[in-house]
Amino acid sequence: MNLIVAVDKNWAIGCNNRLLVSIPSDMKFFRETTMGKVVVMGRKTLESFPGGQPLKNRTNIVITSDSDYKVKDAIVVPSIEAAVGELKKYEEEDIFVIGGESIYRQMLPYCKTAYVTKIDHAYDADTFFPNLDEMEDWKLTGVTEEQTYFDLEYVFARYERIERSE
Ligand SMILES: NC(=O)c1ccc[n+]([C@@H]2O[C@H](COP(=O)([O-])OP(=O)(O)OC[C@H]3O[C@@H](n4cnc5c(N)ncnc54)[C@H](OP(=O)(O)O)[C@@H]3O)[C@@H](O)[C@H]2O)c1
């Protein structure tokens, strides 16, 4: 299972239920990476999308504790365990956890690869991703050259969970 996230220099990811910044090539990377795949998200992240609508051309799985929650063109599940059960129907490499903070934290143990856009700026924020640079079982395995969008600098990084042999 994969996850995909954009973080600032403090691993912040959002503020007031919105992204911190929208970088066109990062949006393109997100779209191309998840297209045709399965995306897993929390109810708040779904509601942060335009019109609160699921992402097109992807299988959308939304986690909420609200048993009456209905959304067209999405599979709604009541817990992390139910999400993990539902995800057994799909190939592991086709699954992308797409946020927000609560879902990243709870789904991180199930993920093997993290696609992290690292933006070299500190924003005001209220939601964060765990700092993978400080986690022993995650390793940076690839990073692009520095990219720029106006005065913002960012890189596309890839982290992988280290397999431990007992
Ligand atoms: N930078 C990025 O790449 C990125 C990506 C995605 C999101 N974000 C940002 O992240 C922020 C949202 O993060 P968030 O943590 O506040 O919200 P979230 O994770 O998107 O959604 C939280 C909601 O998910 C449901 N949920 C979570 N754990 C659950 C569980 N174990 N069982 C049942 N339901 C569960 C609950 O819905 P109910 O309250 O309905 O029960 C909860 O309120 C926004 O600012 C968004 O823009 C950033």
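Atoms within each ligand, like the ligands themselves, are counted from 1 in listed order. Heavy atoms only: backbone and side chains are in, while hydrogens, waters and symmetry mates are out. Keep in mind the model is a prediction, meaning the values are calculated, not measured.
- Between Asp133 and Lys118 there is a salt bridge, since a side-chain N of the basic residue sits under 4.0 Å from a carboxylate O of the acidic one.
- For atom 25 (C) of ligand 1, the nearest protein heavy atom (residue, atom name, distance) is Ile63 O, 3.3 Å.
- Between Ile4 and ligand 1, not a single N/O pair is under 3.5 Å apart.
- Looking at ligand 1, you'll find an N or O of Arg18 within less than 3.5 Å of one of its N or O atoms.
- In terms of protein heavy-atom proximity, atom 48 (C) of ligand 1 is nearest to Ile13 O, 3.2 Å.
- Every atom of ligand 1 with a heavy atom of Glu101 under 4.0 Å away is listed here by number and element: 13 (O), 14 (P), 15 (O), 19 (O).
- Residue, atom and distance of the protein heavy atom nearest to atom 37 (O) of ligand 1 are Arg43 CB, 3.7 Å.
- For atom 42 (C) of ligand 1, no protein non-hydrogen atom is found at a distance below 4.0 Å.
- Ion pairing of Lys88 with Glu86 is absent here, as no side-chain N (NZ or NE/NH1/NH2) approaches a carboxylate O to less than 4.0 Å.
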Which side-chain N or O atoms in residues 27-41 pair as donor and acceptor under 3.5 Å with protein atoms at least two apart or in another chain?
unit_1 : atom_1 : unit_2 : atom_2 : d
Lys28  : NZ     : Glu32  : OE2    : 3.3
Thr33  : OG1    : Phe29  : O      : 2.6
Thr34  : OG1    : Phe30  : O      : 2.8
Thr34  : OG1    : Arg58  : NH1    : 3.0

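- Not close to ligand 1: Met41, with no non-hydrogen atom less than 4.0 angstrom away.
- Close N/O approach between Gly14 and ligand 1 is not found [any backbone or side-chain N/O within under 3.5 Å].
- In terms of polar-atom proximity, defined here as any N/O pair under 3.5 Å, Gln106 does make such a contact with ligand 1.
- When each of Leu46, Ile103, Val76, Ile75 is checked for a side chain to side chain contact (heavy atoms under 4.5 Å, CB included) with Ile63, only Ile103 meets the rule.
- Among protein heavy atoms, the minimum distance from atom 4 (C) of ligand 1 is reached at Leu19 CD2, 3.5 Å.
- With a 4.0 Å cut-off on non-hydrogen atoms, Tyr69 does not touch ligand 1 at all.
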